Trainee: 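The structure's right below; bear with me while I get my questions together.
Bear in mind that the values here come from a model prediction, so they are computed numbers and not experimental data.
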Amino acid sequence: MIPDVSQALAWLEKHPQALQGIRRGLERETLRVTPEGQLATTGHPESLGSALTHKWITTDFAEALLEFITPVDGDIDHMLTVMRDIHRVTARALGEERMWPLSMPCYVKEGQDIELAQYGTSNVGRFKTLYREGLKNRYGALMQTISGVHYNFSLPLAFWQAKCGVQDAQSGKEAISAGYFRLIRNYYRFGWVIPYLFGASPAICPSFLQGKPTTLPFEKTEGGMYYLPYATSLRLSDLGYTNKSQSNLGITFNDLQTYVAGLKRAIKTPSEEYARMGLMKDGKHLQINTNILQIENELYAPIRPKRVTREGESPSDALLRGGIEYIEVRSLDINPFSPIGVDEQQVRFLDLFMVWCVLADAPEMSSDELLCTRKNWNRVILEGRKPGLTLGMGCETAQHPLSEVGKDLFKDLRRVAVTLDAIAGNHEYQQVCDQLVACFDDPELTYSARILRSMIDNGIGGTGLALAEQYRAMLREEPLEVFTEADFEKEHDASWQRQREIEESDREPFDEWLAKQA
């Protein structure tokens with residue numbers, strides 16, 4: 001079931017320097033909660049700076065949903081320490097509130113009004129809030145409070161020069177983009193390994209369903225918690241943020257032009273369902289437009305091709321201009337065993353897996369086959385630890401035991417690990433392989449099994465609150481390591497100044513400005 005990567009791995013072993021200079025970045029979401037574990041109803045703390053313009057600390061869907069962003073980094077330890085510094089400063093700024101350490105939200109009261117993220121009075125700020133209003137009306141606010149970690153990854157130019165013979169990033173953008181699309185297709189075929197190893201949302205609080213029926217065969221604890229005994233990541237299931245109307249968009253990952261054309265088509269395609277919702281009610285905007293996607297970021301995807309945008313440029317136009325610059329991996333649950341929601345083992349594994357995905361042969365995929373890959377993901381998401389679980393080849397033409405496929409994959413990953421370790425002069429990537437490959441013989445070692453044991457004993461609330469309390473105490477006491485307090489004060493002041501400048505230069509009435517965005 002695993003493609004034959006032996007030739008590509010032999011090439012890599014001859015060109016280890018091609019991997020020198022991998023660049024990464026992390027984004028981590030976390031809900032602010034009260035000491036009792038309920039969703040905080042306070043606004044985004046002023047002391048954390050402007051959510052609109054701060055470089056490292058912002059909000060995602062809701063005022064209570066923090067998002068932390070590290071700068072692009074070539075050093076794993078440095079990147080994780082930066083993320084930890086951001087957590088340390090935030091923990092001290094939150095007073096009695098805690099950061100929720102799980103992907104699935106804490107207890108949410110029936111019908112609780114979840115305040116959308118606010119970004120000030122500028123048109124850009126109001127537009128961001130209106131986009132979230134649309135998400136709330138389309139999918140429900142609770143779906144949007146699910147938290148995850150995004151991992152951004154790019155290979156050095158030296159890799160593409162050695163592998164594809166490109167001269168520079170601009171003239172080689174077609175070849176580089178084709179390589180990243182190969183990575184993405186392999187990710188769709190084999191990325192289920194991420195929820196298998198690191199999925200950490202096997203259960204939900206009953207308040208998450210808000211009385212809605214579900215077809216999932218949940219088991220229930222005495223305390224009322226719903227869980228699936230072999231589930232890995234309910235965050236990635238249909239309970240999470242998926243857009244049913246998106247599955248028929250026919251967006252594929254075979255080449256840049258077709259991908260962007262599919263994305264642009266979705267933004268222009270009207271939706272009957274969203275048209276019935278309307279644009280305004282009682283003088284209040286309900287959504288940006290009534291199309292299948294309000295903006296490109298609404299496309300639900302476990303992985304995205306990205307390029308840093310210029311001012312006023314859409315993500316797809318940025319891709320057309322310069323090709324794919326980096327990949328955003330979006331399938332990581334919050335790691336409940338880390339105070340910062342992610343750890344070094346995960347980053348090293350993702351490095352190995354991304355390199356493997358870019359090396360392995362990846363035939364082009366139709367939109368139908370793309371839908372077929374979802375079957376393996378769903379199996380792993382809902383019953384990944386089930387004894388004897390098999391995965392389908394292609395569109396279910398043959399079945400293979402998950403444990404065998406996983407161990408075959410790790411044989412290849414170990415060869416990548418040896419190459420990366422040779423560059424650094426240590427064995428850290430190989431150690432990650434040794435630690436994680438054991439999960440295929442013993443699923444009890446996976447994150448989902450480990451956290452579920454605690455949840456069954458203590459409930460989601462008990463587990464989440466105990467971890468939140470532990471991490472809060474730890475982070476509040478730790479000194480900063482990379483940044484200084486003065487760095488955060490400077491960015492706090494600068495972020496509010498940037499927001500004021502945007503608001504002062506922005507005099508156009510919102511409705512007129514909004515009409516031009518279409």
Trainee: Taking it one step at a time, do H400 and D408 satisfy side-chain hydrogen bond (donor to acceptor under 3.5 Å, both in side chains)?
Mentor: CA-CA 11 Å; H400 296 264; D408 284 347; over 6 Å; no
Trainee: With a 3.5 Å cut-off and no angle check, do the side chains of Q345 and R348 form a donor-acceptor pair?
Mentor: no
Trainee: Passes side-chain contact (heavy atoms from CB on, under 4.5 Å), Y151 versus V347? Steps please.
Mentor: CA-CA 8 Å; Y151 164 81; V347 173; 4.0 Å; yes
Trainee: Rounded to the nearest 0.5 Å, what separation is found between the CD atom of E501 and the CG atom of D506?
Mentor: 13.0 Å
Trainee: Give a yes or no answer on whether the side chain of E298 reaches the backbone of L293 with a donor-acceptor pair at less than 3.5 Å.
Mentor: no
Trainee: Taking the six-membered ring of Y119, is NZ or CZ of K128 closer than 6.0 Å to its centre and within 45° of its axis?
Mentor: yes
Trainee: For N335 and Y447, which I'm curious about, is there any donor-acceptor pair between the side chains at under 3.5 Å?
Mentor: yes
Trainee: Using ring centroids (six-membered ring only for Trp), state whether F253 and Y188 fall under 6.0 Å.
Mentor: yes
Trainee: Relative to the ring of F159, is the ring of W11 parallel (under 30°), tilted (30 to 60°) or perpendicular (over 60°)?
Mentor: perpendicular
Trainee: Verify the distance criterion only: is there a donor paired with an acceptor across the side chains of T232 and R385 at less than 3.5 Å?
Mentor: no
Trainee: Can the ring centroids of F410 and W356 be said to lie less than 6.0 angstrom from one another?
Mentor: no
Trainee: Please round to the nearest 0.5 Å and tell me the distance separating atom CG of D60 and atom CD of E67.
Mentor: 5.0 Å
